[in-house]
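For clarity, every value in this text was computed on a predicted model and none was experimentally measured.
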2 protein chains.
Amino acid sequence: MPGFIGREQHSVDEKGRLLIPARFRRRFASQTNESGDSPQSRVQVIYVFKADDGSLELYEPSVWNQKEEQLLKLSDFNPDERLLTTLIYARLDQTELDRSGRIALSREMLDHAGITKDAVIIGANAKMVVWEPLRLERLLSDNAGRFAPLASRYI
Amino acid sequence: MPGFIGREQHSVDEKGRLLIPARFRRRFASQTNESGDSPQSRVQVIYVFKADDGSLELYEPSVWNQKEEQLLKLSDFNPDERLLTTLIYARLDQTELDRSGRIALSREMLDHAGITKDAVIIGANAKMVVWEPLRLERLLSDNAGRFAPLASRYI
DNA sequence: GAGAATGTGGGAAAAAGTGGGGGATTTATG
DNA sequence: CATAAATCCCCCACTTTTTCCCACATTCTC
């Protein structure tokens with residue numbers, strides 16, 4: 001099963017709607033029928049997570065659910081584990097693809113990413129990452145020098 | 001069965017009523033008929049629990065009952081177990097959805113969470129968590145640096 | 001270049017959220 | 001026990017948001 005690969009830039013309209021590129025949507029289509037839905041009712045849910053670095057991460061249900069299984073093991077009464085759970089769910093949201101292949105991002109999510117007009121969507125295999133274009137540009141140029149050292153350490 | 005996911009902010013009116021977001025209410029609807037009620041009389045009960053961290057936890061009956069099964073195993077005559085039972089039930093309350101999809105929170109519950117005007121409701125899979133907005137904000141910013149370490153330790 | 005697929009925007013209808021009036025029931029009080 | 005006071009619900013009305021749908025422009029494919 002291939003992941004999301006590639007980078008595209010699209011506009012976010014006044015209603016906060018962001019188009020998911022067609023090539024990414026095709027990947028969804030191939031694995032919707034987990035629960036034997038009728039062709040009509042296949043609603044494509046997408047999880048949205050506010051990442052620490054100021055981007056938004058988009059997950060398919062099957063991928064997010066895998067992460068969530070880890071969360072379910074955590075105790076409500078261990079302070080550290082409870083805090084982690086809170087930190088995660090407070091940053092998480094859920095949305096659906098409309099018939100034009102867009103998702104509606106909440107004002108809060110857009111603010112977190114600093115998105116007003118345009119957004120870059122980067123395929124990162126299991127997830128998609130959404131950036132405000134200038135912010136991404138700055139991150140890349142600010143850290144251009146770190147690529148080689150990091151790469152040589154880890155790959 | 002998908003859980004509660006997402007974060008919303010709503011106002012609590014002067015009567016102490018808090019709206020349960022429509023998308024969360026829809027999950028209730030899909031599993032009301034446990035006891036074979038007539039369509040008319042399906043009253044949606046919600047359990048409210050005062051959490052240690054200053055939030056309120058909202059549970060569906062089916063989920064709370066599962067937790068309660070653990071409690072029923074505890075002995076009334078073992079001091080520790082008896083104390084635990086007391087501590088839990090002393091923090092627990094019960095309320096119902098009215099026809100507008102709201103629940104009435106008692107003064108005591110509101111005070112525990114420090115809620116006066118607004119409240120944030122966070123979907124946390126099996127339960128919903130209610131926060132006073134500023135209190136949540138403070139928790140999140142105070143612990144922003146702890147997310148990465150905790151996440152890497154537990155997930 | 002024609003037709004299909006993709007991307008963008010917006011209008012209208014429906015749903016959700018908010019606040020408050022008023023009747024019924026419960027609780028307090030003389 | 002009667003009456004007053006308070007509380008609790010149910011319903012209505014208004015505002016805002018979301019959803020659904022369509023139209024059009026652009027790009028891609030053959």
Side-chain angles (χ1 to χ4, degrees), chain A residues 4-30 39-46 48 58 93-111 115-123 128 130 132-133, chain B residues 4-30 38-46 48 58 93-111 115-123 128 130-133:
Chain A
F4 301 110
I5 297 293
R7 168 181 169 161
E8 300 204 19
Q9 178 159 341
H10 290 295
S11 64
V12 176
D13 66 25
E14 291 187 356
K15 297 178 181 178
R17 294 178 300 190
L18 171 68
L19 187 90
I20 303 300
R23 54 173 163 169
F24 291 166
R25 296 202 308 262
R26 273 187 279 274
R27 173 176 154 77
F28 285 117
S30 63
Q40 282 293 6
S41 71
R42 60 170 179 192
V43 183
Q44 183 55 58
V45 172
I46 295 181
V48 186
L58 307 182
D93 203 351
Q94 202 183 39
T95 182
E96 292 173 6
L97 276 183
D98 71 14
R99 294 204 185 174
S100 302
R102 297 172 288 193
I103 56 174
L105 294 173
S106 69
R107 170 68 37 209
E108 212 190 317
M109 289 290 170
L110 292 172
D111 286 348
I115 293 171
T116 54
K117 178 89 191 60
D118 292 305
V120 173
I121 306 182
I122 299 178
M128 297 173 275
V130 181
E132 197 284 320
Chain B
F4 301 110
I5 297 292
R7 168 180 169 164
E8 300 205 20
Q9 179 159 341
H10 291 295
S11 64
V12 176
D13 66 23
E14 292 185 356
K15 300 176 183 177
R17 295 179 300 187
L18 171 67
L19 187 90
I20 303 300
R23 54 172 161 172
F24 292 166
R25 295 201 308 264
R26 275 188 277 271
R27 303 211 186 280
F28 284 117
S30 63
S38 79
Q40 281 294 5
S41 71
R42 58 171 181 191
V43 182
Q44 183 56 58
V45 172
I46 295 181
V48 186
L58 307 182
D93 200 355
Q94 200 183 40
T95 181
E96 292 174 6
L97 274 184
D98 71 15
R99 296 209 179 173
S100 303
R102 297 173 286 197
I103 55 173
L105 294 172
S106 69
R107 172 65 40 206
E108 205 192 325
M109 288 291 170
L110 291 172
D111 286 348
I115 292 171
T116 54
K117 176 89 189 62
D118 292 304
V120 173
I121 306 182
I122 298 177
M128 297 173 275
V130 181
W131 285 92
E132 197 284 321

Undergrad: Is the distance from OP1 or OP2 of dT16(D) to the nearest side-chain N or O of Arg107(A) less than 4.0 Å?
TA: no

Undergrad: So, using salt bridge (Lys or Arg N to Asp or Glu O under 4.0 Å) as the criterion, who are the partners of Asp98(A) when residues are at least two apart?
TA: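 Only Arg102(A) meet the salt bridge (Lys or Arg N to Asp or Glu O under 4.0 Å) criterion with Asp98(A).
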
Undergrad: Would you say that Met128(A) contacts Ile20(A) through its side chain, given a criterion of any heavy-atom pair below 4.5 Å between the two side chains?
TA: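 Answer yes - side chains close enough.
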
Undergrad: Give the rounded distance in Å between these two atoms: CG of Leu19(B) and P of dA16(C).
TA: 10 Å

Undergrad: I need the NZ-C1' distance between Lys117(A) and dG7(C), as an integer number of Å.
TA: 12 Å

Undergrad: I need the CG-P distance between Leu18(B) and dA16(C), as an integer number of Å.
TA: 16 Å

Undergrad: Using atom CD of Glu96(B) as one end and atom P of dC10(D) as the other, report the distance to the nearest whole Å.
TA: 9 Å

Undergrad: With side chains defined as the heavy atoms from C-beta onward, is the minimum distance between Arg17(B) and Thr95(B) less than 4.5 Å?
TA: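 Counting from C-beta outward, Arg17(B) and Thr95(B) never come under 4.5 Å.
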
Undergrad: Through what angle, rounded to 10 degrees, does the axis of the helix from dG1(C)-dC30(D) to dG30(C)-dC1(D) turn between its ends, using five pairs per end?
TA: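 The end axes of the helix from dG1(C)-dC30(D) to dG30(C)-dC1(D) are about 30° apart, to the nearest 10°.
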
Undergrad: To the nearest 0.5 Å, tell me how far Glu14(B) CD sits from Lys117(B) NZ.
TA: 9.0 Å

Undergrad: Quick check: are there more than 12 heavy atoms from other residues, nucleotides or ligands sitting under 6.0 Å from CD of Glu96(A)?
TA: yes

Undergrad: Quick one: Phe24(A) CZ to dG7(C) P, roughly how many Å, whole number?
TA: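 Spelled out: CZ on Phe24(A) to P on dG7(C) is 11 Å.
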
Undergrad: What is the distance, rounded to the nearest whole Å, between atom CD of Glu8(A) and atom C1' of dC28(D)?
TA: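 Atom-to-atom, Glu8(A) to dC28(D), this comes out as 13 Å.
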
Undergrad: Check nucleotides 17-24 of chain D against the protein and report each pair of N or O atoms closer than 3.5 Å, with its distance, or say if there are none.
TA:
from, atom 1, to, atom 2, distance (Å)
dT19(D), O4, Lys15(A), NZ, 3.2
dC21(D), OP2, Arg99(A), NH1, 3.1
dC21(D), OP2, Arg99(A), NH2, 3.3

Undergrad: Should Val12(A) and Leu105(A) count as side-chain neighbours, where that means a heavy-atom distance under 4.5 Å?
TA: no

Undergrad: Could you state the CD1-C1' distance from Ile121(B) to dT18(C), rounded to the nearest angstrom?
TA: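 Checked: the CD1 to C1' distance equals 14 Å.
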
Undergrad: Would you kindly compare Glu14(A) and Val12(B) by the position of their nearest DNA chain C nucleotide and give the one closer to the 5′ end?
TA: Glu14(A)

Undergrad: Distance check needed: dC8(D) P versus Leu97(B) CG, whole Å only.
TA: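 Atom-to-atom, Leu97(B) to dC8(D), this comes out as 17 Å.
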
Undergrad: Can you tell me how far the CZ atom of Arg27(B) sits from the CZ atom of Phe4(B), to the nearest 0.5 Å?
TA: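 If we round to the nearest 0.5 Å, Arg27(B):CZ and Phe4(B):CZ are 7.5 Å apart.
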
Undergrad: dG7(C), OP1 or OP2 - any side-chain N/O from Arg23(A) closer than 4.0 Å?
TA: no

Undergrad: Could you measure the distance from the CZ atom of Arg23(B) to the CD1 atom of Ile5(B)? Nearest 0.5 Å is fine.
TA: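 Spacing of CZ (Arg23(B)) from CD1 (Ile5(B)) equals 9.0 Å.
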
Undergrad: With rounding to the nearest 0.5 Å, note down the distance linking CG in Leu18(A) to CG in Leu58(A).
TA: 7.5 Å

